[in-house]
Undergrad: 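Below: one structure in structure tokens.
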Amino acid sequence: MIYRFMRIVLFFDLPAVTKKDHKEYSKFVKHIKKEGFSMFQESVYTKLCLNETAVEATMKSIKSLLPAEGFVSCLTLTEKQFSSIQCLLGDLNTDVIMTDEKIIKL
């Protein structure tokens, strides 16, 4: 079997107005976390899969528990494509030194 690591990026916009909406939202998020997704940003989750067969099985599971209201979309990428994401941040205030230098002068 050939392993070609794939990444599923799941985006969703679900209503959270009524108690029923909140319950559906919580149920959906709990389900995708159980499936192995982790939060990338608010309402954006990712999951690493071994190959396309694993992607298809995950997609089938997600489709089985889609909320009645709202919008859910999935993007499938190879791990190489996903690793080329550029994360752009505003001002980051931290005491942690973020560098790839081998020698750090303090």
Side-chain angles (χ1 to χ4, degrees):
M1 175 179 263
I2 296 174
Y3 295 113
R4 181 176 181 201
F5 290 106
M6 305 290 289
R7 181 77 66 152
I8 300 173
V9 183
L10 183 134
F11 310 88
F12 62 91
D13 186 16
L14 302 177
V17 179
T18 65
K19 278 188 173 185
K20 183 182 176 189
D21 291 341
H22 282 286
K23 189 173 183 179
E24 287 287 317
Y25 178 92
S26 297
K27 184 178 176 182
F28 182 72
V29 170
K30 188 176 182 180
H31 175 73
I32 62 175
K33 285 180 178 179
K34 191 175 179 181
E35 280 292 320
F37 282 87
S38 58
M39 185 186 282
F40 188 69
Q41 289 183 355
E42 190 173 338
S43 298
V44 179
Y45 284 72
T46 66
K47 179 182 179 182
L48 181 64
C49 296
L50 285 176
N51 53 33
E52 291 182 39
T53 306
V55 169
E56 290 171 15
T58 302
M59 295 298 290
K60 186 176 180 181
S61 174
I62 291 170
K63 288 176 184 177
S64 72
L65 200 67
L66 285 176
E69 303 273 330
F71 182 74
V72 178
S73 58
C74 294
L75 174 66
T76 305
L77 304 166
T78 64
E79 187 60 16
K80 185 175 181 179
Q81 290 169 324
F82 182 79
S83 68
S84 68
I85 288 178
Q86 295 182 11
C87 295
L88 308 174
L89 303 172
D91 291 335
L92 183 63
N93 298 325
T94 180
D95 293 339
V96 177
I97 299 172
M98 299 179 70
T99 181
D100 59 353
E101 301 276 331
K102 291 188 178 189
I103 297 175
I104 300 172
K105 295 179 183 177
L106 299 176

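In this chain, numbering begins with 1 at the start of the sequence shown. A quick note: this is a predicted structure, and the numbers were derived from the prediction, not measured.
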Undergrad: State, to 0.1 Å, how close E24 and P67 come at their nearest heavy-atom pair, and which atoms those are.
TA: OE1-CA, 3.8 Å
Undergrad: Rounded to the nearest 0.5 Å, what's the gap from CE on M59 to NZ on K47? Could you check?
TA: 11.0 Å
Undergrad: If you round to the nearest 0.5 Å, how far is CD of E56 from OG1 of T58?
TA: 10.0 Å
Undergrad: Can you tell me how far CD of E52 sits from OG1 of T78, rounded to the nearest 0.5 angstrom?
TA: 10.0 Å
Undergrad: Grouping I, L, V, M, F, W and Y whenever their side-chain heavy atoms are under 4.5 Å apart, do V9 and F28 come out in a common cluster?
TA: no
Undergrad: Cluster question for you: counting only ILVMFWY and a side-chain heavy-atom cut-off of under 4.5 Å, with indirect links fine, are V72 and F40 together?
TA: no
Undergrad: Do side-chain atoms of S84 reach the backbone of Q81 as a donor and acceptor pair under 3.5 angstrom?
TA: yes
Undergrad: Can you give me the closest heavy-atom contact between E35 and S61, atom names plus distance?
TA: OE2-OG, 2.8 Å
Undergrad: Atom CD1 of I32 and atom CG of L10: how far apart are they, to the nearest 0.5 Å?
TA: 5.0 Å
Undergrad: May I ask whether L75 and F82 are part of the same hydrophobic cluster, defined by side-chain heavy atoms of I, L, V, M, F, W, Y residues being less than 4.5 angstrom apart, directly or through others?
TA: yes
Undergrad: Quick one, F5 and L50 - any side-chain contact, counting heavy atoms below 4.5 Å?
TA: yes
Undergrad: Just distance, no hydrogens or angles: give the donor-acceptor pairs under 3.5 Å from side chains in residues 11-19, sequence neighbours left out.
TA:
residue	atom	partner	partner atom	Å
T18	OG1	K20	N	3.4
T18	OG1	D21	N	3.1
T18	OG1	D21	OD2	3.3

Undergrad: Applying a strict under-4.5 Å side-chain criterion to I, L, V, M, F, W and Y, I'd like to know whether V55 and L77 cluster together.
TA: no
Undergrad: Rounded to the nearest 0.5 Å, what separates atom CE in M6 from atom CD in E79?
TA: 10.0 Å
Undergrad: What is the distance from atom CZ of F37 to atom CD1 of I8, rounded to the nearest 0.5 Å?
TA: 4.5 Å
